[in-house]
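First comes the structure, then the notes that go with it.
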Amino acid sequence: MTAYQPSPQPTASAYVPPPAAATRTPSGLTVPGVVVIVGLPTVLAALAETAWHSRLSWVFGLVFAASSLLGALQVRRSTIAAGAVVPPLVFLAALLVAHPLLDGGESGVKGLLLDTGTALTTGAPYLVPTAIACAVVVLVRRRG
């Protein structure tokens, strides 16, 4: 008769847990993040320009373009369309915020509409190229 021999017990170091599912936190800015990154410098530049010059100059255009392109480059891939949609909306919001300080600003709804329309027309050299550049950045990032 053979002596009883217990089966070997696995040691604690021999146990290997199954690999956990890989969870990735999306990187980049959310839509509210893009609004802040584009909106804050743009509105502040519009207020500063209209306070000093009563009009929007190339400084406002440069701040708007730089912050818009930064937003388009940093937005999450899941919400990448915000990189192209947010900048024109922020441009309009900046004009509405700076309206009381614009040169020749009329009061009332009629004045607001006329002054905003005029500012959109004169701001087109800043708005259109920036919007096109942001759309190109978004399309390139979506493909790649």
Side-chain angles (χ1 to χ4, degrees), residues 5-144:
Q5 299 218 348
S7 63
Q9 297 292 325
T11 62
S13 62
Y15 175 72
V16 178
T23 56
R24 278 185 62 194
T25 304
S27 63
L29 296 172
T30 60
V31 176
V34 175
V35 171
V36 169
I37 291 293
V38 178
L40 191 62
T42 301
V43 169
L44 289 176
L47 288 173
E49 285 284 303
T50 53
W52 284 318
H53 306 297
S54 297
R55 61 182 170 80
L56 299 175
S57 70
W58 63 271
V59 175
F60 167 76
L62 183 66
V63 170
F64 172 67
S67 63
S68 296
L69 288 172
L70 179 65
L73 288 169
Q74 296 297 320
V75 68
R76 287 183 181 175
R77 289 188 101 88
S78 60
T79 57
I80 197 150
V85 173
V86 168
L89 297 175
V90 165
F91 189 90
L92 177 62
L95 293 179
L96 293 174
V97 168
H99 170 260
L101 301 174
L102 286 172
D103 190 21
E106 297 180 27
S107 61
V109 175
K110 178 182 172 187
L112 176 67
L113 292 175
L114 288 174
D115 290 341
T116 302
T118 302
L120 281 171
T121 305
T122 58
Y126 312 124
L127 175 61
V128 174
T130 301
I132 291 171
C134 288
V136 167
V137 167
V138 164
L139 289 174
V140 168
R141 285 192 60 212
R142 181 178 279 176
R143 287 184 140 228

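Scope of the values below: all heavy atoms of this structure, side chains included, with no hydrogens, waters or symmetry mates.
Residue Val34 is tested with Val36, Thr30, Val38 for a side chain to side chain contact (heavy atoms under 4.5 Å, CB included); the sole match is Val38. For the side chain to side chain contact (heavy atoms under 4.5 Å, CB included) with Pro88, the qualifying choice from Leu120, Thr130, Leu127, Val128 is Leu127, the only one to do so.
A donor-acceptor contact shorter than 3.5 Å links the side chain of Thr122 to the backbone of Ala119. Here the side chain of Tyr126 pairs no donor or acceptor atom with the backbone of Leu62 at under 3.5 angstrom.
The closest side-chain heavy-atom distance from Leu95 to Leu56 is below 4.5 Å. Leu47 is listed as a side-chain neighbour of Val97, based on a closest heavy-atom distance under 4.5 Å.
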Scan the side chains in residues 71-80 for donor-acceptor partners under 3.5 Å anywhere in the protein, sequence neighbours excluded, and list what turns up.
| residue | atom | partner | partner atom | Å |
| --- | --- | --- | --- | --- |
| Arg76 | NE | Gly28 | O | 3.4 |
| Arg77 | NH2 | Arg141 | O | 2.2 |
| Arg77 | NH2 | Gly144 | O | 2.7 |

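A search for ring-ring contact (aromatic ring centres under 6.0 Å, His included) contacts involving Phe91 returns Phe60, Phe64, not counting sequence neighbours.
Across every non-hydrogen atom of Val90 and Gly39, the tightest pair is CG1-CA, 3.5 Å. For the residue pair Gly83 and Cys134, the shortest heavy atom distance occurs at O-CB, 3.5 Å.
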